[in-house]
Peer 1: 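Take this structure, written in structure tokens, and hold onto it; I'll ask about it next.
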Amino acid sequence: MASLKQFIRNVRSAKTIADERAVIQKESAAIRASFREESNDSGIRRNNVAKLLYLFTLGERTHFGQIECLKLLASHRFADKRLGYLGTMLLLDENQEVLTLVTNSLQNDLNHSNQYVVGLALCALGNIASVEMSRDLFTEVESLLSTANPYIRRKAALCAMRISRKVPDLQEHFLEKAKLLLNDRNHGVLLCGLTLAIDMCEAEEAEEGQEGVIESFRPAVGGLVRSLKGLTTSGYSPEHDVSGICDPFLQVKILRFLRVLARGDAATSELINDILAQVATNTDSLKNVGNSILYEAVLTILDIEADSGLRVLGVNILGKFLTNKDNNIRYVALNTLNKVVAIEPNAVQRHRNTILECLRDPDISIRRRALDLSFMLINEGNVRVLIRELLAFLEVADVEFKPLMTTQIGIAADRFAPNKRWHIDTILRILKLAGNYVKEQILSSFVRLVATTPELQTYCVQKLYAALKEDISQEGLTLAAAWMIGEYGDNLLRGGQYEEEELVKEVKESDIVDLLTNVLNSTYASQTVTEYIITASMKLTVRMSDPAQVERLRRLFVSRNADLSVEIQQRAVEYTNLFGYEQIRRGVLERMPPPEIREEQRVLGAPTKKRQSRLLKDKTKKPPKQAEEDLLLDLIGGSDAPATSPTVNGSQNTASLLGDILGDGGLSTPSPQPASKPAASVNTSAIMDLFGPNGNIPSPVPAQSAVSSGSMDLLAGLGGAAPAPSPPAPAVHTAYNKDGLTLTFQIQRNGGGDAQIQARFRNNSNFDSFSNVGLQAAVPKSQRLQLSAINKPDLNAGEEGTQILKVAALNGTLPPRLRLRLRITFSKAGTAPVTEQVDWSEP
């Protein structure tokens, strides 16, 4: 057998994968043969184990050498023990049954007279300790924490941290010893003692309602402050100096521990305010070592009950980080400022220009963080400046940034617009720059804005007409322009002043028809664009006065009567037939009344419960005619569907929970049938919805709604009865909120002993997407569950998916509080699938 060096040389000299595989297989066979000979020569065994460790780094199978590692541990030679412990840590883990044989060797070596042998045993125990090993050996580790040897004390502290993690009940045995380590004068022992204490405190923070450990460590704050002050003011120390700074690792660890102790405690925060100010002002920021200390000091300042002046100092340090040439430091600063902006918005605003400069950084991760922070800085006072900068960045931004940017700019304009003219100009600019990435919510909000602003309708339609003539490649711009031209085409034909010093060029009816025809004949005419153009053309037939142009539009509908798209074909046939009913055609195609912009229709999110209930009361007070119009406007304007959402036929599964839902139970799996199609698009034109729902989309508008007396004859089957007042919306309960994915329940009960639950998944993250989102549920044995499939399993940022659950009592009625066991599955940003199990009870 060759030596380890020769084996490595042979592997590296292999010219092909096959040659390398042959060398490895030959050497593995030789090692197995040597193990079978059971030679007592420790040199041969050590050589074999060393080769096994090299094979382990290559990803080869090495399980056959585990026993040989244990034999090396029993040797009296230090070289054998060192290699044996290294092999044990690499080739074994806490789940291996062979590990039980190591306990005796570890116990012997923990009591060895040689400090380095004891160090090897502590290192191995700290890496592979199982629950059983921790319980068997914690007494030896506890005694070693009090030994006079600092080398052993620091390794014992780290080993005690591992044991405390594996068996939390043993933590109390190390508590008093950990307090003594915090007073140690040896830097290495103090560093390891701080690591043990921090781990104990953070483990306690994870258990709500317990503060005994943190309280017991708080008396040590004074000594730690003195130690930190001594480190910051001490002169040159060759033993601990790193780039001119005394032991930066210990300074960072002390700052972190002080942050844990002072969090939520005003008295402790007061004690450390002075030393934090001293560290923040005296630390050299020209070196990376100093920046690490400053960063930890800033985190401590922002996490404790510090005064406002100290917080401003911390934000200024982060602002200074933004001017650093190191990309890592700038990224860290932007990431931290994103968390701070909600606490100290005015202090962060002072660094606005520096943050905007980061939008032009070559590093995409810095641009992304700067973009997030820029949106959080927008308020009423700076909306004009920041939106102008963001629009300039939108023009050159990466493609993956544009969907989020268009949405966020639209939301900011909706919230902080100084006036409607500026708001409309901003959305027009977005449509010109990134119309292909504008989401439907922004388009529908823009349509409502223009519809409720009569004084700017002429201005807007003329602007959109001019923009569409220049560029027909942006789908969002095309959709908005088509809707506006169809609705306000008469304003466009009348002409007028659309800017103070510039008159719009005269627009002829033939020019409008030519433009719409060019869009339809272009390669950019998707199915959605075609639907909008056809509907806009139909509206123009009652807004134009030239019979020749009206005839051109009629021929356009005729040409689409055999379109491959069923939706387009249906609309074209209906529009063509309408020409035979002149009075009905003019009544149906009248201009849409301006919708009332309710809070739930804004792009900012759902309304509050109080506001929502008041809106429902207002709607029930309206006359039937107005109530009908509101229902239609809700569909077109983008508000939520009525409470009686359509359900999907799901598989009925009687799922039971063992021991009153506390044990394991079967989970009902959604039916393999396809999920229901989503509700009609919020931007679908009004006239399309007047003629009935899409062929493949369930419409939430009640079948009895009527729009006008003229349309009743055309739309057979639509009566004139007014819809019943909507019941109050059920309360929303949060069942799951983690990693940016939120699951909420809305429960609606009826008198028949059952309940319908609308489960709503929402992606609350800024950039990540979720795929294969699904929900399974189980109920007690006394109940029956029917579960539908989710309507949208893939959720981009800000999107929602819904799923319907029906719970019925097998005997009698349901209890006042439902209890469910939920299994939630999803994949985040293309990563491995995640399964979460949650027990949920109705509040």
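Since we're looking at a predicted model, the values are computed, not measured. Reckoned from all heavy atoms, side chains included, excluding hydrogens, waters and symmetry mates.
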Peer 1: Give a yes or no on whether the backbone of N379 and the side-chain of N382 come within a donor-acceptor separation of less than 3.5 Å.
Peer 2: yes

Peer 1: Do the side chain of T452 and the main chain of P594 share a donor and acceptor less than 3.5 angstrom apart?
Peer 2: no

Peer 1: Do the non-hydrogen side-chain atoms of E487 and V461 ever get within less than 4.5 Å of each other?
Peer 2: no

Peer 1: When you look at V438 and F446, which way does the side-chain contact (heavy atoms from CB on, under 4.5 Å) test go after all the steps?
Peer 2: CA-CA 11 Å; V438 176; F446 176 58; over 6 Å; no

Peer 1: Could you point out which residue of R585, E551, R554, R586 forms a side chain to side chain donor-acceptor pair (under 3.5 Å) with T541?
Peer 2: R585

Peer 1: State, to 0.1 Å, how close K463 and L428 come at their nearest heavy-atom pair, and which atoms those are.
Peer 2: CB-CD1, 3.8 Å

Peer 1: If you round to the nearest 0.5 Å, how far is CZ of F375 from CD of Q408?
Peer 2: 5.5 Å

Peer 1: Could you tell me whether Q583 atom CD has more than 12 heavy atoms of other residues or ligands within 6.0 Å of it?
Peer 2: no

Peer 1: Just do the salt bridge (Lys or Arg N to Asp or Glu O under 4.0 Å) check on D514 and K508 with the steps written out, would you?
Peer 2: CA-CA 10 Å; D514 290 341; K508 300 178 182 178; over 6 Å; no

Peer 1: I need the minimum non-hydrogen distance between N436 and E475, along with the two atoms involved.
Peer 2: OD1-N, 2.7 Å

Peer 1: Any side-chain heavy atom of L741 within less than 4.5 Å of one from R762?
Peer 2: no

Peer 1: Of the non-hydrogen atoms in I424 and L456, which two are nearest, and what is the gap between them?
Peer 2: CD1-CD1, 3.7 Å

Peer 1: When you look at Y488 and W483, which way does the side-chain contact (heavy atoms from CB on, under 4.5 Å) test go after all the steps?
Peer 2: CA-CA 8 Å; Y488 309 113; W483 198 95; 4.0 Å; yes

Peer 1: State, yes or no, whether a side-chain contact exists between F761 and P793 at a heavy-atom distance under 4.5 Å.
Peer 2: no

Peer 1: Can you check whether Q441's main-chain N or O pairs, donor with acceptor, with S445's side chain at less than 3.5 Å?
Peer 2: no

Peer 1: Out of curiosity, N796 CG to L404 CG, how far, rounded to the nearest 0.5 Å?
Peer 2: 11.0 Å

Peer 1: Do D425 and R429 touch side chain to side chain, with heavy atoms closer than 4.5 Å?
Peer 2: no

Peer 1: For the pair Q549 (side chain) and V513 (backbone), establish whether a donor and an acceptor sit closer than 3.5 Å, ignoring hydrogens and angles.
Peer 2: no

Peer 1: Quick check: closest heavy atoms across A451 and Q457, and the distance to 0.1 Å?
Peer 2: O-NE2, 3.3 Å

Peer 1: Is any side-chain heavy atom of D471 less than 4.5 Å from a side-chain heavy atom of K432?
Peer 2: no

Peer 1: Can you list everything that forms a side chain to side chain contact (heavy atoms under 4.5 Å, CB included) with K469? Sequence neighbours excluded, please.
Peer 2: Y465, L515

Peer 1: Taking the side chain as C-beta and beyond, is there a heavy-atom pair between L391 and R388 under 4.5 Å?
Peer 2: no

Peer 1: Can you list the steps and then say if N419 with R421 is a side-chain hydrogen bond (donor to acceptor under 3.5 Å, both in side chains)?
Peer 2: CA-CA 6 Å; N419 54 68; R421 170 71 176 267; over 6 Å; no

Peer 1: Donor-acceptor pair, distance only, cut-off 3.5 Å: does the side chain of E380 make one with the backbone of F416?
Peer 2: no

Peer 1: Apply side-chain contact (heavy atoms from CB on, under 4.5 Å) to the pair L337 and L322, showing each step before the final yes or no.
Peer 2: CA-CA 10 Å; L337 285 172; L322 292 178; 3.8 Å; yes

Peer 1: Identify every side-chain donor-acceptor pair in residues 557-564 under 3.5 Å, counting partners at least two apart or on other chains, and give the distances.
Peer 2:
from	atom 1	to	atom 2	distance (Å)
S559	OG	L556	O	2.6
R560	NH1	D563	OD2	3.0
N561	OD1	V573	N	3.4
D563	OD1	S565	N	2.8

Peer 1: Compile the donor-acceptor pairs under 3.5 Å between side chains in residues 350-360 and protein atoms, sequence neighbours left out, one pair per line.
Peer 2:
from	atom 1	to	atom 2	distance (Å)
H351	NE2	N316	OD1	3.1
R360	NH1	L356	O	3.4
R360	NH2	E389	OE1	3.3

Peer 1: Please tell me if the side chains of L477 and L464 come closer than 4.5 Å, counting only heavy atoms from C-beta onward.
Peer 2: yes

Peer 1: Quick check: closest heavy atoms across A525 and T530, and the distance to 0.1 Å?
Peer 2: O-OG1, 3.9 Å

Peer 1: Would Y575 and T535 count as a side-chain hydrogen bond (donor to acceptor under 3.5 Å, both in side chains) here? Give the steps.
Peer 2: CA-CA 9 Å; Y575 295 159; T535 302; 3.3 Å; yes

Peer 1: Any donor and acceptor pair, going by atom type alone, linking the side chain of N763 with main-chain N or O of E799 inside 3.5 Å?
Peer 2: no

Peer 1: Check whether any side-chain heavy atom of L540 sits under 4.5 Å from a side-chain heavy atom of L516, and report yes or no.
Peer 2: yes

Peer 1: Can L377 and V341 be said to form a side-chain contact (heavy atoms from CB on, under 4.5 Å), step by step?
Peer 2: CA-CA 7 Å; L377 290 176; V341 65; 3.8 Å; yes

Peer 1: Please say whether more than 12 non-hydrogen atoms of neighbouring residues, nucleotides or ligands are located less than 6.0 Å from OH in Y524.
Peer 2: no

Peer 1: Where the side chain of R543 meets the backbone of G486, is there a donor-acceptor pair that is under 3.5 Å apart?
Peer 2: yes

Peer 1: Just verifying a value: how many Å separate T742 OG1 and N764 CG, rounded to the nearest 0.5 Å?
Peer 2: 4.0 Å

Peer 1: Let me know which of D372, D361, D398 forms a side chain to side chain donor-acceptor pair (under 3.5 Å) with R367.
Peer 2: D398

Peer 1: Has T407 got a side-chain atom pairing as donor or acceptor with P403's backbone, closer than 3.5 angstrom?
Peer 2: yes

Peer 1: So, for I411 and I442, which heavy atoms are closest and what is the spacing to 0.1 Å?
Peer 2: N-CD1, 4.3 Å

Peer 1: Can you tell me how far CZ of R552 sits from CG of D546, rounded to the nearest 0.5 angstrom?
Peer 2: 9.5 Å

Peer 1: Report the distance from atom CD1 of I378 to atom CG of L390, rounding to the nearest 0.5 Å.
Peer 2: 5.5 Å

Peer 1: If you apply the rule side-chain hydrogen bond (donor to acceptor under 3.5 Å, both in side chains), what do you find for E509 with S545, and how did you get there?
Peer 2: CA-CA 8 Å; E509 294 182 1; S545 57; 3.1 Å; yes

Peer 1: Say you draw a straight line from CG of D414 to CD1 of I409; how long is it, rounded to the nearest 0.5 Å?
Peer 2: 13.5 Å

